[in-house]
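Below is one structure, written out as structure tokens; the observations come after it.
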Amino acid sequence: VFPFAQAAAEGFQGENPNVKVTVGESGTGGGFEKFCAGEIDIADASRPIDEKDEVPVCEKGGVAYSQIQVANDGIAIVSNTDLKIACMTTDNLKALWEPDSKISNYSQLGNQPDGTPFPDAEVSLFGPGTDSGTFDFFTEEINGEKGDTRKDYQPSEDDNVLVQGVEGDKSGLGYFGFSYYEDNADKLNLIAVDSGDGCVKPDKTSIQGNTYKPLSRPLFMYPSQASLTDKPQVKGFMDYTIQNAEELATTAKIIPLTAEQQTTAQGELTKAEGQ
């Protein structure tokens with residue numbers, strides 16, 4: 001959500017030069033930690049707040065909030081352009097990324113969905129660190145349990161570092177937010193995913209329509225109720241963000257809300273503001 005939040009901050013400050021909006025990048029988990037401690041006004045998240053681990057912390061800290069969807073995203077599976085992989089099933093991804101994976105060469109995965117053998121190349125993996133909402137979402141959807149993953153991969157909370165890692169390693173394969181693939185499409189190979197209904201690549205249509213399964217996801221902002229009530233600049237920022245959500249998503253190179261999602265988001269914000 002970081003590029004989206006940056007675009008929102010720049011646009012809002014352009015219209016309100018006396019307001020300073022600080023946008024920090026830490027991963028969803030790190031953001032909720034600061035948010036539930038009352039240190040920030042808005043938490044941005046690429047997954048819903050965790051009912052077991054994070055909601056109680058916010059409750060204990062007396063931090064009430066609203067969940068507002070601001071955009072859509074997909075998790076892109078990518079490889080180095082020299083690593084010829086066209087499509088992977090969700091079972092292939094699980095075999096590669098699960099905690100006790102014994103896959104050390106891509107050829108051990110057998111054949112791709114079209115019958116082409118996986119390349120004979122030593123596995124070299126790149127992915128988000130454990131504070132990332134992308135990490136949480138991917139591990140839960142692919143491995144069945146949030147946080148379950150093999151440990152012998154190169155992690156980073158910065159998706160640009162992951163892009164550079166895959167691009168610079170002929171055996172490199174990794175996953176990160178779709179917007180970072182779009183920004184580097186000429187340097188990476190985008191891998192389609194087959195969850196049982198055929199191979200589908202992420203794009204605006206497949207992500208908005210959730211046919212890119214199971215790696216399409218909503219992106220959220222969580223404004224603090226106290227900040228919305230007590231700080232007019234926070235209310236103004238959220239109003240600006242939702243009113244300009246489509247343009248901001250385009251600027252951030254992520255997938256905008258559908259018309260129905262936009263209506264829902266505006267309704268949630270209006271309710272949170274007590275209007």
Side-chain angles (χ1 to χ4, degrees), residues 1-12 21 23-35 40-51 54 65-77 127-129 131-141 146 157-160 162-163 175-183 202-224 234 237-269 272:
V1 204
F2 183 59
F4 180 92
Q6 277 186 311
E10 289 171 9
F12 181 69
V21 184
V23 182
E25 184 177 22
S26 68
T28 294
F32 276 132
E33 189 175 332
K34 290 181 180 294
F35 181 69
I40 56 177
D41 296 301
I42 301 165
D44 303 329
S46 54
R47 58 160 174 80
I49 190 169
D50 189 280
E51 293 286 340
E54 292 163 343
Y65 54 81
S66 298
Q67 174 183 284
I68 298 170
Q69 184 177 353
V70 295
N72 297 282
D73 188 31
I75 295 178
I77 310 297
D131 267 346
S132 167
T134 302
F135 170 84
D136 291 337
F137 188 85
F138 180 88
T139 52
E140 184 167 15
E141 293 296 328
K146 187 172 74 173
E157 246 70 53
D158 187 340
D159 286 1
N160 288 308
L162 300 178
V163 168
Y175 68 93
F176 41 74
F178 177 67
S179 61
Y180 290 87
Y181 162 73
E182 276 202 310
D183 216 22
D203 59 22
K204 180 179 179 180
T205 301
S206 65
I207 290 172
Q208 280 187 331
N210 198 31
T211 56
Y212 178 60
K213 297 177 184 176
L215 297 178
S216 298
R217 59 181 177 169
L219 300 179
F220 301 106
M221 284 188 173
Y222 285 78
S224 154
V234 174
F237 174 77
M238 287 303 306
D239 287 341
Y240 173 87
T241 298
I242 298 307
Q243 289 164 9
N244 297 278
E246 182 172 3
E247 179 185 341
L248 295 172
T250 302
T251 300
K253 300 182 180 177
I254 55 177
I255 308 300
L257 299 172
T258 64
E260 183 179 355
Q261 289 170 336
Q262 178 82 32
T263 299
T264 299
Q266 186 61 64
E268 290 292 336
L269 181 58

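When reading the values below, keep in mind they use all heavy atoms of this one structure, side chains included, and skip hydrogens, waters and symmetry mates. Throughout, residue positions are numbered sequentially from 1 according to the sequence presented.
Judged purely by atom type and a 3.5 angstrom limit, Asn72 uses its side chain to pair as donor or acceptor with the backbone of Pro256. Looking only at distances, a side-chain donor or acceptor of Thr28 sits under 3.5 Å from a matching main-chain atom of Ser46. Looking only at distances, no side-chain donor or acceptor of Gln67 sits under 3.5 Å from a matching main-chain atom of Gln69. Thr264 places a side-chain N or O within 3.5 Å of a backbone atom of Glu260 that can act as its donor or acceptor partner. Formation of a donor-acceptor pair under 3.5 Å by the Ser132 side chain with backbone atoms of Pro128 is not found in this model. Formation of a donor-acceptor pair under 3.5 Å by the Gln261 side chain with backbone atoms of Thr258 is found in this model. Looking at Ser216, its side chain never comes within 3.5 Å of a backbone N or O of Lys213 through a donor-acceptor pair. Side-chain atoms of Tyr222 come within 3.5 Å of backbone N or O of Ile49 as a donor-acceptor pair.
Taking all atoms of both residues into account, the shortest heavy-atom contact from Lys253 to Ser179 is O-CB, 2.9 Å. Pairing each heavy atom of Pro202 with each of Phe178, the nearest pair is O-CE1, 3.3 Å. Asp73 and Gly177 make their closest contact through OD2-CA, 3.8 Å (heavy atoms, listed as atom of the first residue, atom of the second, distance). Nearest heavy-atom pair, Ala76 versus Tyr212, reported as atom, atom and distance to 0.1 Å: CA-OH, 4.1 Å. Scanning both residues, Thr251 and Ala7, for their nearest heavy atoms gives CG2-CB, 4.0 Å. In this structure, Leu215 and Phe137 approach most closely via the heavy-atom pair CA-CE2, 4.0 Å.
Judged as a side chain to side chain contact (heavy atoms under 4.5 Å, CB included), and not counting sequence neighbours, the contacts of Asn244 are Tyr240, Glu247, Leu248.
Between atom CE of residue Met238 and atom OG of residue Ser66 there is a gap of 8.5 Å, rounded to the nearest 0.5 Å. Separation of atoms OG1 (Thr211) and CD (Gln208) is listed at 10.5 Å; rounding is to 0.5 Å. Rounded to the nearest 0.5 Å, atoms CD1 (Ile42) and OH (Tyr65) are 15.5 Å apart. Considering CZ of Arg217 and CG of Asp136, their distance stands at 10.0 Å, rounded to 0.5 Å. Taken to the nearest 0.5 Å, the CD atom of Gln243 stands 9.0 Å off from the CD atom of Gln262. Distance check: Tyr175 OH to Phe135 CZ gives 5.5 Å after rounding to the nearest 0.5 Å.
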Step by step, work out the side-chain contact (heavy atoms from CB on, under 4.5 Å) result for Phe4 and Val70. CA-CA 9 Å; Phe4 180 92; Val70 295; 3.7 Å; yes
Can you check side-chain contact (heavy atoms from CB on, under 4.5 Å) on Leu257 and Glu246, steps first, answer last? CA-CA 7 Å; Leu257 299 172; Glu246 182 172 3; over 6 Å; no
Does Thr134 form a side-chain contact (heavy atoms from CB on, under 4.5 Å) with Tyr180? I'd like the steps, not just the answer. CA-CA 12 Å; Thr134 302; Tyr180 290 87; over 6 Å; no
side-chain contact (heavy atoms from CB on, under 4.5 Å), that's the test. Do Ile254 and Leu219 meet it? Break it down for me. CA-CA 10 Å; Ile254 55 177; Leu219 300 179; 3.7 Å; yes
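Heavy atoms from other residues, nucleotides or ligands lying under 6.0 Å from CD of Gln6 number more than 12. No more than 12 heavy atoms of other residues, nucleotides or ligands shown are found within 6.0 angstrom of NZ on Lys204.
Looking at heavy atoms from C-beta onward, Ile68 lies in side-chain contact with Ile242 at the 4.5 angstrom threshold. A heavy-atom distance below 4.5 Å is found between the side chains of Val23 and Val21. Taking the side chain as every heavy atom from C-beta outward, Val163 and Phe176 approach each other to under 4.5 Å.
Classification of Arg47 and Glu54 as a salt-bridged pair holds, one side-chain N sitting under 4.0 Å from a carboxylate O.
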